[in-house]
Structures are given as C-alpha cells and as structure tokens.
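Worksheet for the structure shown next.
The first residue in the sequence is number 1, and the count goes up from there. Heavy-atom basis, side chains included; hydrogens, waters and symmetry copies ignored.
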Amino acid sequence: MRYNAHVNVLAPPRPRLPIEVVFDLVCPWCYLGIRRLMRVLAGRHDIQPELQWRPFLLNPEIAPGGIPRQDWLTRKFGGEDRARRLHGTITDLGRAEGINFRFDLVRRIPASLDGHRLLRWASRQDNVDLLVERIFSAYFCDGLDIGHHPTLAMLAGEQGFDADAALRFLAGPGEMEWVHLENLRAHRLGINGVPCFLVNGEHAIAGAQEPEVLERLIEVALAF
C-alpha cells in the first residue's frame with residue numbers, strides 16, 4: 001500500500017453514515033432543511049456522510065411546462081394573501097441560514113420531474129451535492145424556471161457537468177421511471193411530506209428541523 005501523507009494512520013477511521021434525503025426541488029422547506037443538514041455535517045469531522053438524493057413529487061399533476069404562479073397560488077392557498085404570510089415566515093427562517101428567498105421573482109411553478117431526472121443522471125458521474133444546491137438557489141433565489149431543459153442544462157454546466165450532454169439526456173425519457181418508482185417508494189414508506197431524512201437506514205425524521213435536532217438524530221444513528 002502506498003503511503004499517503006494526508007492520512008493520519010494513528011487516528012481511527014471515520015464511520016460511514018448513509019443519509020437518504022427525500023425531497024422535492026420546488027419545496028422551500030426542503031431547501032431550508034437541507035441547508036441546515038449541510039451546516040451540521042460540515043461540523044462533523046468524525047463521520048463520513050454519504051448523501052443519497054431521493055425524489056418526491058409534491059405536485060405530480062403539473063404538466064412539463066409548469067403553470068402560472070398566480071393560478072397555482074389560487075389553487076393551493078386560495079390567493080396571494082395567505083401565500084404571502086407563509087412566504088414571509090419561510091423568508092425569515094431562510095435568512096438565518098444564508099438563503100435569500102425571492103418568491104416574488106418566480107413567474108411559473110415548474111414540474112420538478114426533470115430536475116430530479118437530471119440529478120440522477122449527474123449522480124452517476126460525480127458528486128451531485130453542489131448541483132442540488134444550485135438548482136434550489138436558481139429557483140428560490142433567482143426565479144429561474146427549473147422545469148426548462150436549457151436552464152437545467154446550464155445549471156449542470158455551471159457545476160462542471162457537460163451542459164450539451166445534459167440537454168440531450170433531458171430530451172429523452174432517461175430516469176423518468178426511476179423518479180416515479182422512488183416517489184412511490186417514499187409513499188409506501190409512509191412519507192407524506194418533505195424533507196425527510198433517513199439516517200443509517202433506520203432512523204428517520206421529517207421536516208425542516210433545527211440543527212440541534214439533526215445532531216441528536218445523527219448521534220442516535222451512530223449509537224446503533
């Protein structure tokens with residue numbers, strides 16, 4: 001075995017910790033919860049977290065082209081006023097995590113199927129964590145249409161993936177069945193809301209939990 005100067009042979013190996021993240025790209029609570037999880041993991045130098053991104057379709061009825069924001073707000077919240085109150089709460093919470101939610105920039109509510117397909121495609125090539133973050137920020141902070149294939153391909157290109165290859169992939173049906181099967185799997189596991197974090201295959205918690213709660217979940221998982 002070759003000597004690696006960066007490895008401390010006296011330190012015990014860090015345990016692997018699989019974490020399944022069940023989420024949807026159009027869910028602001030998912031963005032908030034995942035940002036909190038990432039903050040917790042950044043401070044845990046004693047473990048090797050292995051994130052597995054699991055899609056959940058909050059709005060499977062939305063067509064590929066998406067729908068106008070105003071139509072969606074009326075359908076889901078009964079109008080702008082109730083949505084504005086909810087968005088205000090999320091915006092305040094996001095600010096504490098460094099997220100600048102700009103719901104006012106969103107013009108269309110996209111279908112998230114293709115975003116999940118792209119992440120699956122990208123995960124077969126490289127670490128996809130940064131692309132997850134970029135798609136979230138593109139939608140919630142920049143108001144970009146993440147149901148639009150050229151936009152998704154551009155975002156992949158920003159993170160070092162081949163944008164042209166991403167666009168060709170999105171033009172076909174690749175990974176569509178996988179996304180639907182994963183969504184069905186989540187429902188069969190009793191997951192009805194996201195985000196949901198499943199740690200070490202046994203310990204789960206749903207919602208955009210506070211970092212202290214996520215820390216306790218990790219400790220419980222490591223104890224078993």
For the atom pair [atom1] ([X]) and [atom2] ([Y]), what is the distance rounded to the nearest 0.5 Å?
| X | Y | atom1 | atom2 | answer |
| --- | --- | --- | --- | --- |
| E182 | E175 | CD | CD | 10.0 Å |
| T91 | D104 | OG1 | CG | 8.5 Å |
| L214 | L41 | CG | CG | 8.5 Å |
| I67 | K76 | CD1 | NZ | 10.5 Å |
| R168 | L170 | CZ | CG | 11.0 Å |
| D24 | L58 | CG | CG | 4.5 Å |

Kindly write out the residues that satisfy side-chain contact (heavy atoms from CB on, under 4.5 Å) with L93, not counting sequence neighbours, or none if the list is empty.
-> W29, L32, R36, T89

For L189, check side-chain contact (heavy atoms from CB on, under 4.5 Å) against everything at least two apart and list the hits.
-> R185, I191

Quick one: are [X] and [Y] in side-chain contact, heavy atoms under 4.5 Å?
| X | Y | result |
| --- | --- | --- |
| V179 | R120 | no |
| I99 | F136 | no |
| I205 | C196 | no |
| L86 | R84 | no |
| R108 | P68 | yes |
| D92 | R95 | yes |

Going by an N to O cut-off under 4.0 Å, is there a salt bridge joining E210 and R216?
->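 Not counted as a salt bridge, because no side-chain N and carboxylate O are separated by less than 4.0 Å.
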
Pair R69 + E80: basic N to acidic O under 4.0 Å |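 E80 and R69: salt-bridged.
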
Is [X] linked to [Y] within one hydrophobic cluster, defined over Ile, Leu, Val, Met, Phe, Trp and Tyr using a side-chain heavy-atom separation of less than 4.5 Å?
| X | Y | value |
| --- | --- | --- |
| L130 | M154 | no |
| I218 | V21 | yes |
| V40 | W53 | yes |
| F23 | L51 | yes |
| V26 | L144 | yes |

Does the separation of the ring centres of H87 and F140 fall below 6.0 angstrom?
-> no

Output field: ring centroids H203/F197 closer than 6.0 Å = no

Side-chain donor or acceptor of [X] paired with backbone N/O of [Y] under 3.5 Å:
| X | Y | result |
| --- | --- | --- |
| N127 | D129 | yes |
| R117 | G174 | yes |
| E202 | V199 | no |

Taking it one step at a time, do D162 and F169 satisfy side-chain contact (heavy atoms from CB on, under 4.5 Å)?
-> CA-CA 11 Å; D162 185 327; F169 165 78; over 6 Å; no

Carefully, step by step, assess N59 and E61 under the rule side-chain contact (heavy atoms from CB on, under 4.5 Å).
-> CA-CA 5 Å; N59 311 309; E61 75 283 1; 3.9 Å; yes

Starting from the C-alpha separation in whole Å, work towards a yes-or-no answer on salt bridge (Lys or Arg N to Asp or Glu O under 4.0 Å) for R39 and E215.
-> CA-CA 10 Å; R39 177 154 66 89; E215 284 276 12; over 6 Å; no

Give the intermediate values and the outcome of side-chain contact (heavy atoms from CB on, under 4.5 Å) for residues S112 and L57.
-> CA-CA 7 Å; S112 58; L57 301 176; 3.7 Å; yes

Can you give me the closest heavy-atom contact between [X] and [Y], atom names plus distance?
| X | Y | value |
| --- | --- | --- |
| G33 | P195 | CA-CG, 4.4 Å |
| L152 | G115 | CD1-N, 3.9 Å |
| F161 | W121 | CB-CZ3, 4.2 Å |
| A156 | A166 | CB-CB, 4.2 Å |
| P15 | D46 | CD-O, 3.1 Å |
| V22 | A186 | CG1-CB, 4.1 Å |

With side-chain contact (heavy atoms from CB on, under 4.5 Å) as the test, would you mind laying out the steps for L118 and L155 before giving the verdict?
-> CA-CA 10 Å; L118 178 68; L155 297 173; 5.8 Å; no

Does anything in residues 130-143 pair up under side chain to side chain donor-acceptor pair (under 3.5 Å), and if so which pairs, sequence neighbours excluded?
-> Y31-E133, R35-E133, R134-S137, R134-D142, R134-E158

Of H180, H187, H116, which meets ring pair (Phe, Tyr, Trp, His ring centres under 6.0 Å) against F56?
-> H187

Neighbour count above 12 (heavy atom, 6.0 Å) for E177 CD = no

